[in-house]
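Starting from 1, each residue takes its place in the sequence as its number. Atoms within each ligand, like the ligands themselves, are counted from 1 in listed order. Keep in mind that this is a model prediction, so the values were computed, not measured.
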Amino acid sequence: MPAKLVHITRKKSRARHAWVFSNEVTRNEGQPGPGDTVQVFERERFIGCGIYNPHSLIRVRLYSEANEELDVSFLRKRLEAAWQRRREALPGEEDFRLLYGESDGAPGLVIDKYGSHFVVQSYALGLDQRQDLVVAALCQLASVASVTEKNDFRLRDPEGLPRRSGVLFGAPEPRVMISESGAGFYVDVTHGQKTGYYYDHRLTRRKVRALAAGRRVLDVFSYTGSFAVHAALGGAEHVLAVDASVTAASMATHNSVLNGVDERCEFATADAFTALSELDHQGQRFDLVNLDPPAFIKAQKDRNAGLRAYRQVNTLAMRLLSPGGILVSSSCSHYLFWQDLLEMLVGAAQAAERSFTILDRTTQGPDHPILLSMPESEYLRGFVLQVA
Ligand code: SAH
């Protein structure tokens, strides 16, 4: 068990949160250093063990309510439990986010499973320092062909972590094949965006697939075509997909061929805002539009500019809908809370001069569990609207 101690005090409302902020620490015992594990005491009562980072505002990330070390057997235990949860929540699926940080009791650590290829992201110093243990634990648990780290993102900066990516173990295939809800997809774990594939929208894709039959579909911000392919498999008459990335569009074409729906799918490389305006000027109309933009609000300071971008792209999409048409509008910005998203959509509908009913709401799938005590673990929200 950890030898060093951290004493904290915090508001009742934050009592079960996995993060302890720097201003909640009252004193340390044993001089914990960067990445050290510590026992945490709240008003002299032991509450669990955490990882210490003196360079981060998140001073301690709690990883266990028990008094235990963060070693290979601990990581293996966490991985086993997370895997079991996925087996139960996603029967028949083999490819998913295997570990989702704090929600799976492994603060700051994300692991996506692509068959026997694994991609790791570390958001926190303590797990970053222990990536060799993570690889060892994975290898004890599964037959592992490769482990790749994709640690080249902005959120590592406040933890004082360098941005880097590369192979930690084995050799990734250039194109790994995965399956999701009965569709197949190629994933480039080395050069793809984020970890290669966006598992978080699994449930939204099922909804789109169920709504697509006989409809002309527009998939905006389509990446490698996951929504487009599911819509086509659901019986869409035609799918036009738009993304700014040429490599994503090329992979999307391969994915449509893989699923035998390429004759009904068209992948355009363009800026979404420009493309939607042009489609409107051409008088084109769609029966279902899927909007899955990148996070326009990455931090609170982006809020106003981000809200304008969401509103603009949603207004454009709403104008393109045929009578009775459906808009599936998502946001992956943590800071765009449900009420904000709803109000943004109300504004967009006013600008588009359209009325809608709310058919449904969407959120991240069960391989991205949301912790009740940690609002930060929820980031994916969406509404399914139908022209009234
Ligand atoms: N819907 C996708 C994920 C979308 S991620 C899926 O389920 O897999 C956001 C996508 O938006 C990325 O592929 C990125 O290339 C694209 N993108 C970002 N800005 C864009 C813009 N202005 N116009 C078009 N595409 C854009």
Aromatic ring pairing Tyr100/Tyr379, orientation class (parallel under 30°, perpendicular over 60°, tilted between)
tilted

For ligand 1 and Gln193, I'd like to know whether there is a polar contact (N/O to N/O, distance under 3.5 Å).
yes

Could you say whether the N/O atoms of His201 and ligand 1 ever approach to under 3.5 Å?
no

Proximity flag Gly225 to ligand 1, non-hydrogen atoms under 4.0 Å
no

When distances are taken from atom 10 (C) of ligand 1, the protein heavy atom at minimum range is Asp243 OD2, 3.4 Å

Check: of Ser222, Ala241, Ala244, min heavy-atom distance to atom 24 (C) of ligand 1 comes from Ala244

For Arg205, counting its heavy atoms only, list the atoms of ligand 1 lying under 4.0 Å from any of them.
6 (C), 7 (O), 8 (O)

Near-ring test Phe356/Phe383, centroid separation under 6.0 angstrom
no

Do Phe153 and Tyr123 have ring centres separated by under 6.0 Å?
yes

Output field: ring centroids Tyr114/Tyr199 closer than 6.0 Å:
yes

Just by distance, no angles: are the side chains of Ser330 and Asp292 close enough, under 3.5 Å, to form a donor-acceptor pair?
no

Nearest-0.5 Å distance that lies between atom OG1 in Thr224 and atom OH in Tyr186:
12.5 Å

What atoms of ligand 1 come within less than 4.0 Å of a heavy atom belonging to Phe227?
1 (N), 7 (O)

Does the pair His230 and Phe185 meet the rule for a ring pair (Phe, Tyr, Trp, His ring centres under 6.0 Å), with working shown?
CA-CA 11 Å; His230 274 291; Phe185 295 101; 5.7 Å; yes

Starting from atom 18 (C) of ligand 1, what is the nearest protein heavy atom, named by residue and atom, and what distance separates them?
Pro294 CG, 3.6 Å

Looking only at protein heavy atoms, what sits closest to atom 21 (C) of ligand 1 is Asp271 OD1, 3.6 Å

Tyr198 to ligand 1: N or O pair under 3.5 Å?
no

Assess whether atom NZ of Lys4 is packed by more than 12 heavy atoms of other residues, nucleotides or ligands within 6.0 Å.
yes

Identify whether the distance between the nearest side-chain nitrogen and carboxylate oxygen of Arg97 and Asp104 falls below 4.0 Å.
no

Residue, atom name and distance, where the atom is the protein heavy atom closest to atom 23 (N) of ligand 1
Ala272 N, 2.8 Å

Ligand 1 atoms in contact with Ser245 (distance to a heavy atom under 4.0 Å)
15 (O)

Can the positive tip of Arg216 be found less than 6.0 Å from the middle of the six-membered ring of Phe286, inside 45° of the ring normal?
no

What residue and heavy atom of the protein are closest to atom 6 (C) of ligand 1, and at what distance?
Ser226 OG, 3.3 Å

Distance-only N or O hit between ligand 1 and Asp292, under 3.5 Å
yes

Check each atom of ligand 1 against the heavy atoms of Ala270 and keep those under 4.0 Å away; list them by number with element.
23 (N), 24 (C)

Nearest-neighbour protein heavy atom for atom 17 (N) of ligand 1, which is reported as residue plus atom name and distance:
Phe221 CD2, 3.7 Å

